[in-house]
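Throughout, protein chains are lettered first and strands after them, A, B, ... in sequence-line order, and every chain is numbered starting at 1.
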2 protein chains.
Amino acid sequence: MGKQMTEMLKGTLEGIVLAILSVRPAYGYEITARLRDQGFSDIAEGTVYALLVRIEQKGFVDVEKVPSEKGPPRKVYSLNAAGRGFLEEFWTTWSFLAERLERLQVEGGK
Amino acid sequence: MGKQMTEMLKGTLEGIVLAILSVRPAYGYEITARLRDQGFSDIAEGTVYALLVRIEQKGFVDVEKVPSEKGPPRKVYSLNAAGRGFLEEFWTTWSFLAERLERLQVEGGK
DNA sequence: CCAGCTATTCAGCGTTACTATGTAGTGGTA
DNA sequence: TACCACTACATAGTAACGCTGAATAGCTGG
């Protein structure tokens, strides 16, 4: 979706992935596919894996290696307590931002 | 509002400032004050000025120097046609993102 | 054996917001 | 005069993040 989306995703992509993991555990390749299904069509695989490394280092997820029927072993990520806490904060921040932007959008429409 | 906001602002702060300018022309110091009023309490002046330089270089605004009664001359920025076009794109991208995030937020709440 | 799908990793890059500091004009006040 | 506060703009250096592009590796079917 272009460069605007790239910049706008900064900071939110992390929340998006954590939100996906909050529904149920998943592995990288699966998360990438899920993102594409949800309309984020040009998010590169490399981006997702790098993000997963970061959230693992921050301690937001637990990781388990699980053999795959169709290829190399998968690294399954599941959201832990710290991750859920961070996700809550994320939604708070997001709501704050969204509220103000919606106000601006209406104002600009006048 | 912390580091999450910092990252989330990337890409959106530009849109926010353009939206402010779409209502009426303004100068840097004024824009900073307006942002603070709207709840973006810890956006530094330096951030805004740097952003104004960028949007000027991109050709989204016209600039006029206007003397001030209370200090150095002001650089008044007004949104031009290119800026309005970009702002429209911005809202499109924003809506796309917001829609998907709201969906995720609901899903996570189940 | 090779093509194609699954699955992960990483180095290098561009963009952005933040930090910290500096410059300059004006008015008030001690 | 000297000092301070407010107004107003500018900029060098830094950290964080997503993208690009490429590489590696396991498994299956023709």
Side-chain angles (χ1 to χ4, degrees), chain A residues 1-18 25-36 40-58 60-61 63-77 86 90 93 97, chain B residues 1-18 25-36 40-58 60-61 63-77 86 90 93 97:
Chain A
M1 274 217 56
K3 224 180 66 177
Q4 263 187 77
M5 183 56 92
T6 291
E7 292 305 324
M8 244 184 261
L9 277 178
K10 287 187 181 174
T12 63
L13 185 57
E14 184 171 339
I16 291 171
V17 169
L18 291 179
Y27 54 98
Y29 195 82
E30 187 188 1
I31 293 171
T32 306
R34 203 108 80 194
L35 285 170
R36 292 200 206 285
F40 300 103
S41 46
D42 27 276
I43 289 180
E45 286 189 87
T47 299
V48 176
Y49 287 111
L51 194 156
L52 289 172
V53 169
R54 284 203 300 275
I55 64 176
E56 184 183 354
Q57 280 169 349
K58 290 180 188 169
F60 294 155
V61 286
V63 190
E64 197 190 353
K65 221 158 201 172
V66 177
S68 161
E69 323 84 43
K70 297 185 173 179
R74 298 163 174 168
K75 282 179 75 175
V76 175
Y77 294 84
F86 185 86
F90 171 80
T93 306
L97 193 56
Chain B
M1 275 215 57
K3 224 178 68 177
Q4 260 186 79
M5 183 56 91
T6 290
E7 290 307 324
M8 242 183 263
L9 276 178
K10 287 186 181 173
T12 63
L13 185 56
E14 185 171 337
I16 290 170
V17 169
L18 291 179
Y27 55 97
Y29 194 81
E30 185 188 1
I31 293 170
T32 307
R34 203 110 80 195
L35 286 170
R36 292 201 207 285
F40 301 102
S41 46
D42 25 277
I43 290 181
E45 285 189 86
T47 300
V48 175
Y49 287 112
L51 194 157
L52 289 172
V53 168
R54 285 203 299 274
I55 64 176
E56 186 184 351
Q57 280 170 349
K58 291 180 188 170
F60 294 156
V61 287
V63 189
E64 196 189 354
K65 222 162 200 169
V66 177
S68 160
E69 324 82 42
K70 297 183 173 179
R74 298 163 173 165
K75 280 180 76 178
V76 175
Y77 295 83
F86 184 86
F90 171 81
T93 307
L97 191 57

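- When rounded to the nearest whole Å, the span between NZ of A:K58 and C1' of D:dA15 equals 12 Å.
- When all heavy atoms are compared, the tightest approach of B:F60 to B:F86 is CZ-CD1, 3.3 Å.
- For the OP1/OP2 pair of D:dC9 and a distance below 4.0 Å, the side-chain nitrogens and oxygens of B:Y49 include at least one atom meeting the criterion.
- Nearest-nucleotide positions on DNA chain C for A:E7 and A:K75 put A:K75 closer to the 5' end.
- Close to D:dA15, at under 4.0 Å from its OP1 or OP2, lies no side-chain N or O of B:K3.
- Between the side chain of B:E64 and the main chain of B:V76, no donor-acceptor pair closer than 3.5 Å is present.
- Salt bridge present: B:K75 and B:E56 bring a charged side-chain N and a carboxylate O closer than 4.0 Å.
- Checking B:E30 against A:R54, the closest nucleotide of DNA chain D that is more toward the 5' end is the one next to B:E30.
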In B/S/- notation (B base, S sugar-phosphate only, - none; protein heavy atoms under 4.0 Å), nucleotides 19-30 of chain D written 5' to 3' is BB----BBS---
Without placing hydrogens or testing angles, list every side-chain donor-acceptor pair under 3.5 Å for residues 9-16 of chain A, not counting sequence neighbours.
from  : atom 1 : to    : atom 2 : distance (Å)
A:K10 : NZ     : A:E7  : OE1    : 3.2
A:T12 : OG1    : A:M8  : O      : 3.3
A:T12 : OG1    : A:L9  : O      : 3.0
A:E14 : OE1    : A:K58 : NZ     : 3.3
A:E14 : OE2    : A:K58 : NZ     : 3.2

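- The closest donor-acceptor contact from the side chain of A:R36 to the backbone of A:I43 lies under 3.5 Å.
- Contacts between chain B and DNA chain C, taken as any atom within less than 4.0 angstrom of a protein heavy atom, begin and end at C:dT16 to C:dT26.
- The distance from atom CD1 of B:I31 to atom P of D:dT7 is 16 Å, rounded to the nearest whole Å.
- Here D:dC9 presents its C1' atom at 12 Å from CD of B:E56, a figure rounded to the nearest Å.
- Contact record, B:L97 with A:F40: CD1-CE2, 3.8 Å, taken as the closest heavy-atom pair.
- Distance, B:Y27 OH to D:dC6 P: 16 Å, rounded to whole Å.
- Residues A:R34 and A:A26 approach most closely at NH2-CB, 3.9 Å, considering heavy atoms.
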- Task: Starting from the C-alpha separation in whole Å, work towards a yes-or-no answer on side chain to side chain contact (heavy atoms under 4.5 Å, CB included) for A:Y77 and A:L52.
- Result: CA-CA 8 Å; A:Y77 294 84; A:L52 289 172; 3.7 Å; yes
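- Rounded to an integer number of Å, the gap from CD of B:Q57 to P of D:dA10 is 11 Å.
- Taking atom CG of B:L52 as the reference point, atom P of D:dA10 lies 9 Å away to the nearest angstrom.
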For this session: In sequence, state the C-alpha distance, the side-chain angles, and the governing distance for B:E45 and B:V48, and then conclude on side chain to side chain contact (heavy atoms under 4.5 Å, CB included).
Result: CA-CA 5 Å; B:E45 285 189 86; B:V48 175; 5.9 Å; no
